[in-house]
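First the structure, in the form of structure tokens, and then the observations on it.
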Amino acid sequence: MENEMDNKADVVKENPLHLTSLNHISLVCKSVEESMCFYQNVLGFVPVRRPGSFDFNGAWLYGYGIGIHLLQVKEEEWPKKDEINPKDTHISFQCVNMGVVENKLKDMDIKHIRQRVEEGGISMDQIFFHDPDGFMIEICNCDKLPIVPLIGDVARSCSRINHEMQMLQQHEQQLLHLVHQ
């Protein structure tokens, strides 16, 4: 089994589809208006123009370098989620101050849970809560926890700035490699 995994690891490409970034996530909702209000007032997203050729109710929002596309479904088709389960499908946002986030959620009377993850002496905090339709949102200080690839020995961070620096360093290394060939 281990040899099979080693062989699969050998064929992993750095970016086989030449992806450049995450563009958007689509979320089904029972009320576009209620969901828009949540994503604007709680998470700070801004509504943006949506193509008029769509023949269904929805809205587009943008913030933090990604879009959220809301797609309305009939309310009776929607299962209600009450329990906050960190293992549920979710999207995560990096924050500056976990205490400020938690206080703001309390002020807005948004039910949430907070937990701590520890790895190698590093602690990371997470806050989980639902949007109006039960979709899980996580706010974290994940940047504290390095991303260590299972292949190779380059440590990475969740931060976009750190990612951009790493991409520049990778590019420089590739150029140096080409020059020395």
Side-chain angles (χ1 to χ4, degrees), residues 19-48 50 56-150 154-167:
L19 302 178
T20 58
S21 66
L22 174 65
N23 181 271
H24 72 275
I25 62 166
S26 290
L27 300 172
V28 291
C29 60
K30 58 188 175 212
S31 167
V32 169
E33 293 76 22
E34 187 178 356
S35 292
M36 280 185 67
C37 182
F38 175 86
Y39 283 96
Q40 286 178 265
N41 297 327
V42 176
L43 296 176
F45 278 77
V46 176
V48 295
R50 177 177 174 252
F56 55 90
N57 194 14
W60 286 10
L61 298 109
Y62 187 80
Y64 316 104
I66 64 166
I68 292 181
H69 295 183
L70 301 172
L71 313 169
Q72 188 161 329
V73 296
K74 295 178 182 160
E75 188 168 347
E76 59 271 10
E77 297 173 0
W78 195 255
K80 181 65 178 159
K81 291 184 182 180
D82 291 322
E83 181 186 346
I84 298 175
N85 179 1
K87 293 182 236 168
D88 200 353
T89 301
H90 63 274
I91 186 169
S92 178
F93 296 93
Q94 179 75 23
C95 77
V96 175
N97 185 313
M98 294 296 288
V100 170
V101 169
E102 190 164 31
N103 288 337
K104 189 71 171 172
L105 291 174
K106 285 177 184 174
D107 291 347
M108 292 188 267
D109 201 27
I110 295 176
K111 182 180 169 187
H112 62 279
I113 63 168
R114 184 172 182 161
Q115 67 181 30
R116 176 166 283 190
V117 175
E118 295 189 21
E119 177 69 28
I122 299 171
S123 296
M124 176 189 74
D125 294 302
Q126 302 167 295
I127 295 176
F128 293 91
F129 55 97
H130 287 141
D131 77 0
D133 297 294
F135 184 73
M136 186 71 63
I137 308 290
E138 174 190 357
I139 309 292
C140 70
N141 55 3
C142 303
D143 197 37
K144 293 179 175 183
L145 192 63
I147 298 172
V148 181
L150 295 176
V154 179
R156 296 194 168 104
S157 167
C158 291
S159 154
R160 186 175 183 164
I161 292 168
N162 287 340
H163 174 71
E164 289 170 0
M165 288 296 292
Q166 289 164 357
M167 294 301 288

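These figures come from a predicted structure and were not determined experimentally. Throughout, residue positions are numbered sequentially from 1 according to the sequence presented.
- For the ring-ring contact (aromatic ring centres under 6.0 Å, His included) test, no residue two or more places apart in sequence or in another chain qualifies with Tyr62.
- Distance alone, capped at 3.5 Å, places no donor-acceptor pair between the Tyr39 side chain and the Asp131 backbone.
- Interatomic distance, NZ of Lys111 versus CD of Glu83, reported as 8.0 Å (0.5 Å rounding).
- Going from atom SG of Cys95 over to atom CD of Glu138 covers 10.0 Å, rounded to the nearest 0.5 Å.
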Task: Residue pair Ile113, Ile127: steps toward the side chain to side chain contact (heavy atoms under 4.5 Å, CB included) verdict - done: CA-CA 6 Å; Ile113 63 168; Ile127 295 176; over 6 Å; no

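- Within the model, atoms CD of Gln126 and CD of Gln115 stand 4.5 Å from one another, a figure rounded to the nearest 0.5 Å.
- Panel note: side chain Gln94, backbone Asp143; a donor-acceptor pair is recorded below 3.5 Å.
- Annotation: the span from Phe128 atom CZ to Ile137 atom CD1 amounts to 11.0 Å, rounded to 0.5 Å.
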Open item on the list: Determine whether Phe38 and Asp133 satisfy the following criterion, side chain to side chain contact (heavy atoms under 4.5 Å, CB included), listing intermediate values before the conclusion.
Closed with: CA-CA 10 Å; Phe38 175 86; Asp133 297 294; over 6 Å; no

Sequence neighbours excluded and cut-off under 3.5 Å, please list the side-chain donor-acceptor pairs for residues 98-109, or say none.
residue, atom, partner, partner atom, Å
Glu102, OE1, Arg114, NH1, 2.7
Glu102, OE2, His112, NE2, 3.3
Asn103, ND2, Gly99, O, 3.3

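- Between Met136 and Thr89, the closest side-chain pair of non-hydrogen atoms is not below 4.5 Å.
- Between Ile66 and His24 the shortest side-chain heavy-atom distance does not fall below 4.5 Å.
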Open item on the list: For Leu43 and Leu61: C-alpha separation, side-chain torsions, deciding distance, then whether side chain to side chain contact (heavy atoms under 4.5 Å, CB included) applies.
Closed with: CA-CA 11 Å; Leu43 296 176; Leu61 298 109; over 6 Å; no

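- One distance of note links CG of Asn57 with SG of Cys29; it measures 7.5 Å at 0.5 Å rounding.
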Open item on the list: Run the side chain to side chain contact (heavy atoms under 4.5 Å, CB included) test on Phe129 and Ile139 for me, step by step, so that the C-alpha distance in whole Å, both residues' side-chain angles and the decisive distance to 0.1 Å come before the verdict.
Closed with: CA-CA 9 Å; Phe129 55 97; Ile139 309 292; 3.6 Å; yes

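- In this structure, Gln40 places its CD atom where more than 12 heavy-atom neighbours from other residues, nucleotides or ligands lie under 6.0 Å away.
- Aromatic ring centroids of Phe93 and Phe45 lie under 6.0 Å apart.
- Tested against Pro132 for a side chain to side chain contact (heavy atoms under 4.5 Å, CB included), the candidates Lys30, Met36, Glu34 yield a single pass: Glu34.
- For the residue pair Val32 and Gly58, the shortest heavy atom distance occurs at CG2-CA, 3.8 Å.
- Atom CG of residue Asn97 and atom CG of residue Asp125 lie 10.5 Å apart, to the nearest 0.5 angstrom.
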